[in-house]
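Every chain is numbered from 1, with letters handed out A, B, ... down the list of sequences.
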Protein chains: 2
Amino acid sequence: MRATVKDVARRAGVSPKTVSNVMNGIVPVSEPTRLRVEQAMQELDYVPNLSARGLRNGRSGVIGLALPNLGTPFSAELAQSVVEVAHAQGWSVQIEETGSDPQREQELMTRARANLIDGLILNPVVLDESAVRVGVALPPVVLLGEVSQELADRVFVDSFAAARDMTLALARPGRRRIAVLGINQGRKSATAIQRTQGYETALHSLGIPLDESLMIACDEWTPGSAAESVLRYLDTNPLPEALFCFTDSMALGALNALWRRGVRVPEDIAVAGFDDVADGRFAVPSLTTVSFDKRVIASEALRLLTERMADRSHGQRIVSVPYNIEERDSTR
Amino acid sequence: MRATVKDVARRAGVSPKTVSNVMNGIVPVSEPTRLRVEQAMQELDYVPNLSARGLRNGRSGVIGLALPNLGTPFSAELAQSVVEVAHAQGWSVQIEETGSDPQREQELMTRARANLIDGLILNPVVLDESAVRVGVALPPVVLLGEVSQELADRVFVDSFAAARDMTLALARPGRRRIAVLGINQGRKSATAIQRTQGYETALHSLGIPLDESLMIACDEWTPGSAAESVLRYLDTNPLPEALFCFTDSMALGALNALWRRGVRVPEDIAVAGFDDVADGRFAVPSLTTVSFDKRVIASEALRLLTERMADRSHGQRIVSVPYNIEERDSTR
DNA sequence: TTGAAAGCGATACCAT
DNA sequence: ATGGTATCGCTTTCAA
C-alpha cells in the first residue's frame, strides 16, 4: 500500500496537519519536527496524492493547451514555449487537438470546468463565437489568435498588419503580380480572413488591382496540401512574381513544388511565409517570413490566465505580440 | 456555487448513487428515473469534478508523454499521434519536456506516482538506467527508443538495423566516402550510439575502412546546429560522397548549409535523414529518410501502457516497430 | 507550534 | 432498481 499523510504523521509522531505544514512550507514548523517528518517521508517513500490535493484545493496545477493541429512544427514550437514557461511557474500542461472543430472546442471548455485543468489556452479556428458562448459559465480561458469576441482574454499577433506589411515588402522591388496561398474554401478561418484582408489592403494602397486568379486556395495548411495546390496552379496559370503563403509550412510545400517545376526562387519568383519556424530558417532557399516570439505568446498567455484565475470578474484583457518581417534568401 | 451530485440528486428526487449510476451507465437505471436525473443535470449545468472522481477511483484518465525536445517537428508528429490515439480511447495527455536531463526524467516518474497521471510514455535519452531504477516502485511506464534496461516496457524502431540499411543504400551506387552527422560529444544518447554502430557495421560489411574524419559531431540535433557543423566541416574537409544525418531535422540544416556553399544535392553529395517528418518530404530536394509509422508507435505504446496498468506484475514487453528506407530526390 | 475533526465530490458496498 | 453511508487523501478551521 501507498503511504499517506496519516502514515507519515504516525511514523513521525506528529499530526497530519504538521506533515501538511512541512510540505507546503507556509506555516512555520520547528526544525526538529521538520526533520523527523522529512525523514518519515523518505522512509515511507511518500508521494502526495495530487487528486486529493486538487479536490481539497479546487486547483489541479494543470492547464490545458488546445491547438487545431498538433502535427505542425509551429505547434511544436508553441507548445514547447508554453510547457517551458508553465513549468517554470509550477504548472503542468495537458495538450489537446481540436482539429478545427468548434464542437471539440466546446467540449474542451467543459472539461476545463470539470476541474482537471485550472484553465485553458485555446487557439480557435472558426471566427464565430460558438466555442465561447455567452451565458455558460466560462472557465478561465485565454484565446490565441484573432477571434473577435468579447468574453475571453486573448493574445494575438496582428495578422492583418503583418500580412499587409509582408505584401508591401514583397512589392517593394517593383513586383506587382503577388499571389497569396492559404485561402480556405470551406469554413473560413479567422486567421485566413485577416491575412487576406491585409494583403488586399496593401495592394489597394499600392494601386494594384485585385486579381482573383492570384488568390490560391489551400484548405489544409500543410506542406503536402500546399505543394499540391501550387503544382495544380502552375499547370493552368502564368507564374506570379511573388507568392505569400499564410504559414511557413505551406511555404515549404510551395518551395518544393516550384523546385519540381524547375522554377527558381527567388530569381523567377519570391516566396514568403508566416510563423518563423526553424525549418523555414533552413529551407532552400532560407525563407522570408513574418517572425514573432513564441515565448512571448506563451508567457503573456500564461500571465493572463493566472490573472484571470485570481480574479474572475475583471474586464477582458487583450495583448498584442509584436512581429517583424524577416527577410531571407527566398525574396532576394 | 457549482452543482454536485448531491444537488442533482436532490433536484431529481433520487440518491447520489443513482446519479452516479446514470453517469456511468453500468448499473441499469429505469427510464423515467434516468430522464429526471438527466434533466436535473441539464438544469443545474452539472459538470462532474474529475479530481474527486480521480481520488475515489485511483485513476485520473490522464497519461503523461515526456520527450527530450518538444520543439522539433518529429516531436509534434509523435505527440499528435499519441494524443489522437489516446483521445480515441478516452485518455487525456499531459506533455513534458525532459531536455535530455536524467534528473528531470526521474522527477517525472515521481509525478506519475503522484497519481495525477495514470501512466507515462517516456523517451529517455541517456543510456544508463538512472531514470528507471531498481527498487523504487515504478508507475506504469512505457519507454520509447532503444534504452537497454529490463524494468519497463518499451516500443522502439531498430535504429541499429535502420542505420545499417540506410548506409548500405547510400553505398549501393558505388559511394564509399559516406559521412554521418549526429555523433554527440558529451553525453552520448542511446540513439546516437545505435545509429553509429549500424553505420560502422555496414561499412565493415562493405569492406570500407572506418574513417574518423567522416564522423561529424553535432550536439543539438536541430537544423541550426547541424547547419553550423556542416559549414565548419566543409571549411576544412573534402566533400564526402554521401551524408547520413541521424535525424531529418539535422538533414534539413545540412541541406541548407550545402546549398549555401553551392554544393549540389544529390549531384555532388547524397543526403539522407531519419524520422520521415513532413518537412523532409517537401525539402529541396525531397529528403531520403528512414520512415516508420508514428501512429503505430503511439498505439503500441498506449496498448502496452494500458496492459501494464491492468496487470502490474507481468513480464517486460518489448515491441519493435517496422521501418523502411524511403528513397527520395536527395539521393538519386 | 501542534492536534482533532470536518469536509472537498464522487463512488461502491451493503441494504432494501 | 434505488437509498444510506463510509471512504479515497489532503487541507484547514478551531482549539489547545
Please list, pair by pair, any protein nitrogen or oxygen found under 3.5 Å from a nitrogen or oxygen in nucleotides 3-6 of chain C.
unit_1: dG3(C); atom_1: OP2; unit_2: Ser15(A); atom_2: N; d: 2.5
unit_1: dG3(C); atom_1: OP2; unit_2: Ser15(A); atom_2: OG; d: 3.3
unit_1: dG3(C); atom_1: OP2; unit_2: Thr18(A); atom_2: OG1; d: 2.9

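Taking the side chain as every heavy atom from C-beta outward, Val37(A) and Val8(A) approach each other to under 4.5 Å. Within the 4.5 Å cutoff, the side chain of Asp275(B) has heavy atoms near those of the Phe292(B) side chain. Residues Leu120(B) and Pro139(B) form no side-chain contact, since every pair of their non-hydrogen atoms from C-beta on lies 4.5 Å or further apart. For the pair Glu105(B)/Leu108(B), no side-chain contact is recorded, criterion being any heavy-atom separation below 4.5 Å from C-beta on.
Candidate nucleotides dG9(C), dT2(C), dG9(D) were compared by shortest atom distance to the side chain of Asn49(B), and dG9(C) ranks first.
Rounded to whole angstrom, the span from the NZ atom of Lys6(B) across to the P atom of dG7(C) amounts to 9 Å. Straight-line distance from the CZ atom of Arg10(A) to the C1' atom of dG9(D): 13 Å, rounded to whole Å. Between Leu55(A) atom CG and dT12(D) atom C1' the separation is 13 Å, expressed in whole Å. As rounded to whole Å, 12 Å separates atom P of dT1(C) from atom CD of Glu31(A). The interatomic distance linking Leu35(B) (CG) with dA1(D) (P) rounds to 15 Å, in whole Å. One atom, CE of Met41(B), and another, P of dA10(C), lie 11 Å apart when rounded to the nearest Å. Here dG9(C) presents its P atom at 18 Å from CG of Leu50(A), a figure rounded to the nearest Å. Here the P atom of nucleotide dC10(D) and the CG atom of Asn21(A) are 14 Å apart, to the nearest Å.
Within the 4.0 angstrom heavy-atom criterion, base atoms lie near Val5(B).
A donor-acceptor pair under 3.5 Å is absent between the side-chain atoms of Glu77(B) and the main chain of Lys294(B), judged by distance alone. Using modelled atom types, one side-chain atom of Ser75(B) and one backbone atom of Asn69(B) make a donor-acceptor pair closer than 3.5 Å.
Of the candidates Leu70(A), Asn123(A), Ile121(A), Leu65(A) forms a side chain to side chain contact (heavy atoms under 4.5 Å, CB included) with just one, namely Ile121(A).
Residues Arg34(B) and Asn57(B) both approach DNA chain D. Their nearest nucleotides, taken by heavy-atom distance, put Arg34(B) toward the 5′ side.
Taking only side-chain nitrogens and oxygens, Arg53(B) comes nearer than 4.0 Å to OP1 or OP2 of dT11(C). Residue Thr33(B) has a polar side-chain atom (N or O) positioned under 4.0 Å from OP1 or OP2 of dT2(D). In this structure, Thr4(A) does not reach the dC8(D) phosphate: none of its side-chain N or O atoms is under 4.0 Å from OP1 or OP2.
Taking all atoms of both residues into account, the shortest heavy-atom contact from Val22(B) to Met41(B) is CG1-CE, 4.4 Å.
For residues 46-66 of chain B, every residue pair satisfying the side chain to side chain donor-acceptor pair (under 3.5 Å) rule, not counting sequence neighbours, is listed here: Ser60(B)-Asp118(B).
In the helix from dT1(C)-dA16(D) to dT16(C)-dA1(D), the end axes, each obtained as the rotation axis mapping the C1' atoms of four pairs onto the next four within a five-pair block, lie 30° apart to the nearest 10 degrees.
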